[in-house]
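Heads up: the structure comes next, in structure tokens.
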Amino acid sequence: MDNSQIADMFSRMAMLLEFKGEDPFKVKAYNNAARNIKRLDEELFHMYGKGNIEDINGIGKALEDKIIQMLEKGTFKAYEKVAEEIPEGIMEIMDIPGIGPKQARLFYEKLGISSVDGLVKAAGEHRIRKLPRMGPKQEENILRSAIRYQQHNSRGRHTIAFAMKMAEEIREALCSAEFIENVVIAGSLRRKKETVGDIDLIAVSSDPEKVVSFFTGMEKVEDVLVTGTHKASIIYSCNTMGSINIDLRVIDGHFLGSMLQYLTGSKEHNIHLRKLALLKGYSLSEYGFTDQGTDKSVSCKREEDVYRLLGLEYIPAEIREDLGEIEASQSGNLPALVKKEDIRGDLHIHSNWSDGTVGIENIVQAAVQRGYEYIAITDHSPSTVIANGLSEKRLFEHVNEIRCIQEEYDNIRILSGTECDILADGKLDYSNGVLEELDIVIAAVHAGQNLNREKMTRRIVAALENEHVDILAHPTGRKFGRRAAYDLDVDKIFAVAKDNEKALEINSSPWRLDLNDINAKKAKENGLKIAINTDAHTIEHFDNIGFGIDVARRGWLGPDDIINCMGMKELCTWLGIHK
DNA sequence: GCCGTTTTCGGCCCGACTGTTTTCAGTCG
């Protein structure tokens, strides 16, 4: 079993225990363990070999024993025992928003309901409203929620690019109201997670109820899930692109700092901060600090104040995951994260020589406009037939055209390159003699993505051992909603890349973001260099660089870790270009 | 079930909203 399977099993165990009405802190321990396992950058079976499973935060003797059972047998006894007592459909019922373990248990015990279909039927027949603490309204909400769940069973997540666009649209709509002073984006979107489940917004206003009613009355509101005096939750229609959940909190400006800090999360980061506050004698909430002794409270207008009052250096939103950033802040060792202005060029761009939409000269002009010092034109190699990959002959014509255009531009260096296919056997799609003529070589897997772990790892290792290769593009191959990452020995790839002084790419396409944040952080810890590239096929794609930078920041990367933050001279030296 | 700057027991973040109740349990983030 791999880490995510083990984590899932712990999550399911937590749900089952909750249903049974077990000690909530025991439930929490399972959930906590599941979360920590998901965030590990090493496979548990490796850690098992080394005997350091118990070092993982939140894993004690009992859970370690259960992990070992799973590694050896694919399950653990305690789980089997509990799962036997509880019908499978119960888990789905608890997965419906608004229904938790207590209600699921009530439905099961009193009405024998053990599936979402059964629940919908019971609600339709008005059998729910007769239960204790239930009524017509509860029944109606449960029915609506259950039907919605049936229709969109897969929990909708959205790419950060899409969510950001929608958030801006709503932000603009809200800001047009004169009684709203300001609207800020919070939540996982502000932390720049690669995908988000919902959008969290904060509106500053002295008339919260008016804001809530304006918000819930917007034209594209499909459904109102929650409305209160200072808070509302809606489902917002994105026309052909489905819909997205939006949560809004409305507050007085005096609380903006603490509210923004709270709503930005992550949950784990906040819990850690609140514990820290308690140690100092304060309770921390979205409204600020309360002295436990005197009951006096201090609100925070600026987010920086929350961190300052805890004796911490300000922590950038992207790394608030409780993965060591609080400790780093305490000891003054927070990393200086890469910023947009640190990026001096883009090293992975396609022109209309292969499957890009525009000519090289247009690309160069767009790059100049963005203030880049250099770019690399890296069209596809012959095997990628579908993308009109360049034959050797066309590749040399392509290089010539780049040289001609270069003569007309003295404020930008145009590197001639290729995104060269790594064939199934690990050989490259051009001969070494051809690759030698190029300024930069990006190697990438495109076809034959279903190799097993051993073969895929060997294939990429072979490419990394080629002396002409500079960068490995989209190293794990994952695409949101389309394709999982290759089965790959990432540790091995990192080690070989390090030995051969190759850079790994963070591909900025919102559908790829590959390497992801966790692997980017791991790459840095392994001393590897990173290239943040757009893989642009159109001029608009140039702007995707921001998403790649987000991933790099979430991976704790600074400009020193990134080759396209180098100046031109330094980059040429790194690439081995001597002219 | 985990954990330790009150360390082997007794804690475990904090507040909003809803629908039911007539003071609160359940759910969510």
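In what follows, every chain begins at residue 1, and chains take the letters A, B, ... in the order their sequences are listed.
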Mind checking if [X] touches a base, just sugar-phosphate, or nothing, with heavy atoms under 4.0 Å?
X        : value
A:Lys66  : sugar-phosphate
A:Leu263 : nothing
A:Tyr287 : sugar-phosphate
A:His272 : nothing
A:Asn141 : sugar-phosphate
A:Pro101 : sugar-phosphate
A:Lys137 : sugar-phosphate
A:Asn32  : nothing
A:Leu273 : nothing

Distance check, [atom1] atoms only: [N] and [M], in whole angstrom units.
N      : M      : atom1 : result
B:dT21 : B:dA16 : P     : 24 Å
B:dT20 : B:dC14 : C1'   : 23 Å
B:dT22 : B:dG15 : C1'   : 22 Å
B:dC13 : B:dT5  : P     : 16 Å
B:dT6  : B:dG11 : P     : 15 Å

Student check: side-chain heavy atoms of [X] and [Y] closer than 4.5 Å:
X        : Y        : answer
A:His269 : A:Ile319 : no
A:Arg133 : A:Lys102 : no
A:Glu286 : A:Gln261 : no

request  = Assess A:Arg320 against A:Tyr314: is NZ or CZ under 6.0 Å from the centre of the six-membered ring, and within 45 degrees of the ring's axis?
outcome  = yes
query = Hey, does the Lys NZ or Arg CZ of A:Lys479 hover above the aromatic six-ring of A:Trp511, less than 6.0 Å from the centre and inside 45° of the axis?
reply = no
task = In whole angstrom, give the distance that lies between atom CZ of A:Phe25 and atom C1' of B:dC13.
result = 10 Å
inquiry  = What is the separation between atom OH on A:Tyr30 and atom P on B:dC2, rounded to the nearest whole Å?
reply    = 8 Å
key: Earlier contact from the 5' end, DNA chain B, for A:Gly100 and A:Ser283   = A:Ser283
ask   = So which one's nearest nucleotide on DNA chain B is more toward 5', A:Gln103 or A:Thr290?
value = A:Thr290
OP1 or OP2 of [N] under 4.0 Å from side-chain N/O of [X]:
X        : N      : result
A:Asn245 : B:dG29 : no
A:Lys231 : B:dG29 : no
A:Thr229 : B:dC17 : yes

Among [options], the nucleotide that comes nearest once only the side chain of [X] is considered:
X        : options                : value
A:Lys275 : B:dA16, B:dC14, B:dC12 : B:dC12
A:Leu63  : B:dT20, B:dA16, B:dC2  : B:dC2
A:His230 : B:dC17, B:dG29, B:dG19 : B:dC17
A:Asp247 : B:dC14, B:dG29, B:dC12 : B:dG29
A:Arg133 : B:dT20, B:dC13, B:dC2  : B:dT20
A:Tyr262 : B:dG29, B:dC17, B:dG19 : B:dG29
A:Asn57  : B:dC12, B:dC13, B:dC3  : B:dC3
A:Asp23  : B:dG1, B:dC14, B:dG29  : B:dG1

request  = Verify ring pair (Phe, Tyr, Trp, His ring centres under 6.0 Å) between A:Phe10 and A:Phe76, making sure each step is shown before the conclusion.
outcome  = CA-CA 10 Å; A:Phe10 276 159; A:Phe76 61 97; 5.7 Å; yes
note = Between A:Val306 and A:Ser258, the two heavy atoms sitting closest are CG2-CA, 3.8 Å
key: Nucleotide forming a Watson-Crick or wobble pair with B:dT8, both distances under 3.5 Å   = none
